[in-house]
Q: 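The structure under discussion is supplied below as structure tokens; questions concerning it will follow.
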Amino acid sequence: MNVLFSIIGLCSFRFASGTPLVGGWTSWSVWSDCSKSCGGGQQTRLKTCFEGRLCEGEELLEIEKIECNEWECYTGKWNEWSPCEDGWHFRERCDENLDCEFEEGECGMADLGVNEWSEWGECDQNTGRRSRERCASEFGCEVDQQECEAEETA
């Protein structure tokens with residue numbers, strides 16, 4: 001069955017046949033990306049009411065916000081990467097007050113027999129997550145997952 005969604009003043013969900021669904025709140029959406037990469041930003045998520053008379057309160061849309069990436073923005077240049085050791089290397093950058101930010105990264109993975117990451121798989125409709133993997137002859141496989149937008153199917 002197809003569900004049609006429309007927002008014009010008030011929300012309503014209906015089957016394609018026109019029969020209304022039982023109203024209430026949708027689940028919370030996934031969190032948005034942070035509005036800033038440093039210096040303090042916000043992430044938001046929302047849920048909506050369909051068949052408004054069945055939701056508590058008068059609002060048909062509820063928005064939740066949280067703070068994110070609250071660390072200081074550093075403007076200094078990054079130092080050179082440290083030598084690769086056990087597949088990792090490091091670097092730092094500091095501001096004029098010698099407050100420093102550190103970064104670590106993988107290195108020399110090909111020397112360790114580790115393959116590149118595979119392409120991201122499709123978004124799982126049930127979990128809202130997708131995955132990718134990479135394998136090493138000596139260590140086995142590693143799986144990486146991230147949230148994704150589950151698409152509606154017709």
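The model shown is predicted, which means the values in this text are computed figures rather than measured ones.
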Q: Can you measure from CH2 (Trp28) to CD (Glu64) and round to the nearest 0.5 angstrom?
A: 4.5 Å
Q: Taking all non-hydrogen atoms of both residues, which atom of Glu104 and which atom of Trp81 are closest, and how far apart?
A: C-CZ3, 4.1 Å
Q: What's the spacing between Cys148 SG and Arg130 CZ if we round to 0.5 Å?
A: 6.0 Å
Q: Nearest heavy-atom pair of Trp31 and Glu147: which atoms, and what distance?
A: N-OE1, 4.5 Å
Q: Counting distance only, does the side-chain N/O of Asn69 pair as donor-acceptor with the main-chain N or O of Gly41 below 3.5 Å?
A: no
Q: Of all the heavy-atom pairs spanning Lys47 and Ser27, show the shortest one and how long it is.
A: CB-O, 3.7 Å
Q: Is Arg91 close to Glu80 at the side-chain level, that is, under 4.5 Å between some pair of heavy atoms?
A: no
Q: Are the side chain of Glu142 and the backbone N or O of Arg134 linked by a donor-acceptor pair below 3.5 Å?
A: no
Q: If I compare all heavy atoms of Gln145 with all of Ser131, which pair ends up nearest, and what's the gap?
A: CG-CB, 3.7 Å
Q: Is atom CD of Glu67 surrounded by more than 12 heavy atoms (other residues, nucleotides or ligands) closer than 6.0 Å?
A: yes
Q: Side-chain contact, heavy-atom cut-off 4.5 Å: Phe90 with Glu103?
A: no
Q: Counting heavy atoms not belonging to Asn79, are there more than 12 under 6.0 Å from its CG?
A: yes
Q: Would you call Arg129-Asp124 a salt bridge at under 4.0 Å N-O?
A: no
Q: Which heavy atom in Cys107 sits nearest to a heavy atom in Glu85, and how many Å separate them?
A: SG-N, 4.4 Å
